[in-house]
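All remarks here apply to the structure that follows.
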Amino acid sequence: MVRSISEASKRKDRVAHVRFSPAEFDALEAAASAAGMTVSAFVRSLSMEGAGVRPFLGDEDRMVLGLLADGMRAIGGNLNQIARAINTGRVPTDGDVTGSIKDAHSVATTLAAELAEMTRRSAAARRGEGA
């Protein structure tokens, strides 16, 4: 039987030898199992991501993280101004402190949700499922 080009390109006939300590391999097996993958598929996926062939983050993910980082920098600037005011004996208004805390909480919560979603999509892609 003649194989199609796509079947031939999917065949995995090249081998890379990697050595692990027993503890490292146990951790690797556990991570692969948690991802619902074989150790071979898991290592291959992580290697391809690490080499940039199949990056973990897409352009949209990078854009979202960039916006969240900008928000964290702005909040950091506000908190720094509040700290300076306190250190010079001025008392910042309750609204300034409360607003900065709410902003920080909002960005941190959004960041956590985005990272969880990125992790879910990456795991699905790693398993070859539609994200």
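None of these values were measured; they are calculated from a predicted model. These numbers come from the heavy atoms of this one structure, side chains and all, not from hydrogens, waters or symmetry mates.
For the 3.5 Å distance criterion, the side chains of Asp96 and Thr93 qualify, holding a donor opposite an acceptor.
The two residues Met37 and Ser45 come nearest to each other via the heavy atoms CE-CB, 4.2 Å. Across Asn78 and Ser100, no two heavy atoms sit closer than the pair CB-OG, 3.6 Å. Residues Met118 and Leu65 come closest through the heavy atom pair CE-CG, 3.6 Å. Taking each heavy atom of Arg19 and Glu24 in turn, the nearest pair found is O-OE1, 4.5 Å.
Atom OG1 of residue Thr110 and atom NE2 of residue His105 lie 9.5 Å apart, to the nearest 0.5 angstrom. Taken to the nearest 0.5 Å, the CG atom of Leu68 stands 9.0 Å off from the OG atom of Ser106. Rounding to the nearest 0.5 Å places CG of Asn80 at 14.5 Å from CZ of Arg73. For the atom pair Gln81 CD and Arg90 CZ, the distance stands at 9.5 Å (nearest 0.5 Å).
There is a path of hydrophobic side-chain contacts, each under 4.5 Å, that joins Ile75 to Leu115. Placement of Val15 and Val18 in two distinct hydrophobic clusters is found when ILVMFWY residues are connected by side-chain heavy-atom separations under 4.5 Å, directly or transitively. Follow the hydrophobic side-chain contacts under 4.5 Å out from Val91 and you never reach Val97; the two are in separate clusters.
Between the side chain of Thr88 and the backbone N or O of Ala85 there is at least one donor-acceptor pair closer than 3.5 Å.
The side-chain heavy atoms of Phe25 and Val39, taken from C-beta on, include a pair separated by under 4.5 Å. In this structure, the side chains of Asn87 and Arg84 stay at 4.5 Å or more apart for every pair of heavy atoms.
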